[in-house]
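Since this is a predicted model, take the numbers as computed values, not measurements. Per chain, numbering begins at 1; letters A, B, ... match sequence-line order.
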There are 2 protein chains.
Amino acid sequence: MAKSKNTEQKIFDAATELFLEKGVDRTSVREIANKAGINLALMNYYFRSKENLFDAIFTMLVKKNTRNLIKILDSDLGLEEKIRKYVEAYIDMLTDNPLLVSFVMAIVHRSQERIIQMKAISSLYSTSKFAQQIFDESKKGHIKPTSPTQLFVDMLSLITFPFAIKLLIMDKNNYDEAQFREFMEERKQRIPDLLLMSIKKEGE
Amino acid sequence: MAKSKNTEQKIFDAATELFLEKGVDRTSVREIANKAGINLALMNYYFRSKENLFDAIFTMLVKKNTRNLIKILDSDLGLEEKIRKYVEAYIDMLTDNPLLVSFVMAIVHRSQERIIQMKAISSLYSTSKFAQQIFDESKKGHIKPTSPTQLFVDMLSLITFPFAIKLLIMDKNNYDEAQFREFMEERKQRIPDLLLMSIKKEGE
DNA sequence: ATCGGGGTTTAAACTTTGTTTAAAACATCT
DNA sequence: AGATGTTTTAAACAAAGTTTAAACCCCGAT
């Protein structure tokens with residue numbers, strides 16, 4: 001039992017490292033087995049397939065990195081502060097974990113169907129409290145009547161997509177890494193401003 | 001010569017159909033050869049590799065579908081009308097070609113490096129005229145000082161990303177296809193409003 | 001203590017990929 | 001007709017993920 005936990009963990013760790021380093025597709029199962037120092041077939045013994053192993057690792061990474069995002073969204077903060085904190089934390093998270101974006105893209109590409117089955121991702125899109133808040137605020141007349149779904153999709157798009165086309169942006173604007181970082185840093189202010197402006201009542 | 005053009009075209013057509021239907025990764029070269037009614041090796045004879053074939057098809061699809069997008073961006077329309085037309089045409093295009101999104105994601109995922117080498121994609125991000133326009137308008141005092149890059153990235157993100165997470169949106173909101181279409185239809189108004197509001201001078 | 005059995009590990013083989021090879025078939029021009 | 005260059009073919013190759021069946025190991029029941 002002790003030994004088995006060990007083996008499973010060794011596979012998991014080796015695969016995580018390789019996936020992050022070279023991407024899923026460019027990492028072979030034999031390589032993982034090598035790095036973990038285990039027999040090739042054990043990978044299929046513990047995880048049913050490479051795809052499955054990927055899912056497990058991805059779920060772990062998402063869970064680990066998005067806990068506080070969800071906490072912010074579900075908190076009792078006011079709308080403005082909540083949006084500002086969320087955007088900032090999200091951008092920080094993706095800046096620190098560039099592979100997460102590429103992982104999500106991998107899933108989106110392979111089969112969108114799977115995305116909705118992965119609870120880790122799905123929970124990222126957990127807006128019940130946020131939606132309620134939008135609803136309440138607009139009822140109270142503090143903000144314009146707003147579709148929570150539209151607003152939330154706006155927010156996700158503005159945060160996430162630039163990371164997906166990072167190299168394109170860098171290429172077209174002759175940015176180096178530091179400049180791209182700066183570009184995203186600006187967006188921490190810009191995105192909340194944009195979103196808040198869109199829900200502000202006319203003439204206030 | 002006549003026959004060869006024919007073979008090349010047959011491969012191209014069969015592959016296009018299969019790629020669109022099942023995705024690149026889930027389409028094998030043998031399947032393509034089968035559907036095209038040609039020998040397996042001819043695929044490598046005419047296109048050097050499957051990857052290359054994919055590039056050719058992708059370039060064709062993008063070129064075919066984005067001509068007018070670029071035309072709009074480079075036109076002499078006023079800023080507001082230009083943005084409205086562009087957003088609408090872009091959303092229409094992606095609605096009609098859902099596979100393009102998945103193709104772009106495939107490329108983004110495989111290797112971002114390639115994205116900047118593909119002229120087809122790169123030309124989609126052609127903003128010199130648009131950037132100039134922003135610059136002029138803000139100089140003339142018609143709009144707030146605005147970073148063209150930020151604005152353009154905003155626009156692309158708001159348009160494209162929702163298609164990438166289409167199934168997630170549908171799942172979370174219990175949308176069917178028609179309702180998602182309606183959701184994107186709303187965005188044709190919403191996105192330009194958002195962008196234009198963000199560049200409007202205070203108190204006008 | 002030992003035997004049997006369940007969970008692990010192993011080496012080897014299997015299947016399916018994309019790709020390459022070398023010869024055959026074909027077409028074209030002199 | 002024959003030489004030459006292009007196109008097509010069947011077969012084999014390498015690398016990938018996966019499966020198999022036997023070996024191994026540990027542990028509790030007899």
Side-chain N or O of [X] less than 4.0 angstrom from OP1 or OP2 on [N]?
| X | N | answer |
| --- | --- | --- |
| B:Asn39 | D:dA10 | yes |
| A:Thr7 | C:dT9 | yes |
| A:Tyr46 | C:dT9 | yes |

Nearest to the side chain of B:Ala41 - D:dA10, D:dT19, C:dT19?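 Per side-chain heavy atoms of B:Ala41, the pick is D:dA10.
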Which of the following nucleotides, C:dT19, C:dT9, D:dT18, is nearest to the side chain of A:Tyr45?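 Given the options C:dT19, C:dT9, D:dT18, the side chain of A:Tyr45 is closest to C:dT9.
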Whole angstrom is fine here: how far is it from [atom1] in [X] over to [atom2] in [N]?
| X | N | atom1 | atom2 | result |
| --- | --- | --- | --- | --- |
| B:Lys50 | D:dA16 | NZ | P | 16 Å |
| A:Ile38 | C:dG7 | CD1 | P | 20 Å |
| A:Leu40 | C:dT15 | CG | P | 17 Å |
| B:Asn34 | C:dT17 | CG | P | 11 Å |
| B:Glu8 | D:dT8 | CD | C1' | 15 Å |
| A:Arg26 | D:dA15 | CZ | C1' | 16 Å |
| B:Leu18 | C:dG18 | CG | P | 12 Å |
| A:Leu53 | D:dT18 | CG | P | 10 Å |

So which heavy atom on B:Lys50 is nearest to which on B:Val24, and how close?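 So the two residues come closest at NZ-O, 3.1 Å.
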Looking only at non-hydrogen atoms, find the nearest pair between B:Ile83 and B:Met155 and report the distance.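 Here B:Ile83 and B:Met155 meet closest at CG2-SD, 4.2 Å.
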For A:Arg30 and A:Leu42, take the nucleotide of DNA chain C holding the closest heavy atom to each; which residue's nucleotide lies nearer the 5' end?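 By nearest-heavy-atom nucleotide position, the 5'-most residue is A:Leu42.
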I'd like to know whether the aromatic ring centres of A:Phe47 and A:Phe54 sit less than 6.0 Å apart in this structure.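 Between A:Phe54 and A:Phe47, which both carry aromatic rings, the centre distance is not below 6.0 Å.
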Side chains of B:Gln133 and B:Leu79 in contact at under 4.5 Å (non-hydrogen atoms):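 Yes, their side chains come closer than 4.5 Å.
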Can a side-chain donor-acceptor contact be found between A:Gln132 and A:Asp136 if the only test is distance below 3.5 angstrom?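 Yes, because at least one side-chain N or O of A:Asp136 sits under 3.5 Å from a partner of the opposite role on A:Gln132.
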